[in-house]
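Below: one structure, written as structure tokens.
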Amino acid sequence: VVTASGESTVRVWCGRSAEVKYVLNPMSAAGPSAVVSLSSSNSNGGENHSDMGRNIHTVIPLHTPANTMIIVPRGPKAYLVTCSGIIIRLFENESVITADKDKTSGGGGHKGDFVAATVSPSNKWLYAVTDGGSCLCFDVASGKVEQMIRDFAYETVGGKPNIEVSGVTHHPLKGMIAAYSSSHALKRGLLTVWK
């Protein structure tokens, strides 16, 4: 059993004893291990305080590779991690890095924190939606961006500006994803299906 939290950690629980086996925080990892502690009693040891407050909104268990999961915090990086806390791969929004170098004083810069994510049923593709409105399609095996839909959020929320996508999911049998928003600025939530 795996749970995520708003305190930047993921807990891996023993299904039989209901005890915490690992507390993970990939954002604070200095090396290949995301393990913060081996029990819930020492969950703050070694954490990087600059990443505190970045909630982890999505944890996706994968069947290929076995015993792995994708951890997606609100930030420009997502992580492919084993259940024992070893970071295998990093999924990065490269446009955030280049936009930070190209910022002008007049604009607010490019937004690039991931706000929603899902994987295809084959575990081949990771779809990550940014707060800037784009959807990045990553190859899970390589970690590279294969495709980007720039106006994903704008089209998903019916052309309304400055509204974030709340979630995204993949159809279990077909090559379609659905995105939705439940912003208070909308009178009702919207669901958009993408082929």
Taking the side chain as everything from C-beta on, heavy atoms only, tell me whether [X] gets closer than 4.5 Å to [Y].
| X | Y | value |
| --- | --- | --- |
| Pro26 | Ile87 | yes |
| Ile86 | Val81 | no |
| Cys83 | Tyr22 | no |
| Asp113 | Pro76 | yes |
| Met69 | Leu24 | yes |
| Trp125 | Glu146 | yes |
| Trp13 | Thr3 | yes |
| Thr130 | Asn93 | yes |

Open item on the list: Using the ring centroid of each side chain, check whether Phe152 and Trp194 are separated by less than 6.0 Å.
Closed with: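 Yes.
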At what distance, to the nearest 0.5 angstrom, does [atom1] of [X] lie from [atom2] of [Y]?
| X | Y | atom1 | atom2 | value |
| --- | --- | --- | --- | --- |
| Lys124 | Ser122 | NZ | OG | 7.0 Å |
| Cys135 | Glu155 | SG | CD | 13.0 Å |
| Ser5 | Asn55 | OG | CG | 8.5 Å |
| Lys195 | Met176 | NZ | CE | 6.5 Å |

- [ ] Go through the steps to decide whether Thr68 and Ile88 satisfy the test side chain to side chain contact (heavy atoms under 4.5 Å, CB included), and finish with yes or no.
- [x] CA-CA 9 Å; Thr68 59; Ile88 299 172; 3.8 Å; yes
- [ ] Could you tell me whether the side chain of His63 and the main chain of Pro121 form a donor-acceptor pair under 3.5 Å?
- [x] yes
Task: Short side-chain to backbone donor-acceptor contact, Thr64 and Asn123, under 3.5 Å - done: no
Could you state whether [X] and [Y] fall into the same hydrophobic cluster, counting links through intermediate Ile, Leu, Val, Met, Phe, Trp or Tyr residues with side-chain heavy atoms under 4.5 angstrom apart?
| X | Y | value |
| --- | --- | --- |
| Leu80 | Val119 | yes |
| Ile70 | Tyr127 | no |
| Val35 | Leu90 | yes |
| Val2 | Tyr79 | yes |
| Val165 | Leu191 | no |

Quick one: closest heavy-atom pair of [X] and [Y], and the distance?
| X | Y | answer |
| --- | --- | --- |
| Val72 | Ala117 | CG2-CB, 3.8 Å |
| Met27 | Ser8 | CE-CB, 3.5 Å |
| Ala78 | Phe114 | N-CE1, 3.9 Å |
| Thr118 | Thr169 | OG1-CA, 3.8 Å |
| Met148 | Ser134 | CE-OG, 4.1 Å |
| Gly167 | Ala116 | CA-CB, 3.8 Å |

Donor-acceptor pairs are to be reported for all side-chain atoms of residues 136-144 against protein atoms at under 3.5 Å, with residues two or more places apart or in another chain.
residue : atom : partner : partner atom : Å
Asp139  : OD1  : Ala141  : N            : 3.1
Ser142  : OG   : Lys144  : N            : 3.3

TODO: Could you tell me which residues satisfy salt bridge (Lys or Arg N to Asp or Glu O under 4.0 Å) with Asp131, sequence neighbours excluded, listed by chain and number?
DONE: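 For Asp131 the salt bridge (Lys or Arg N to Asp or Glu O under 4.0 Å) partners, ignoring immediate neighbours, are Arg74.
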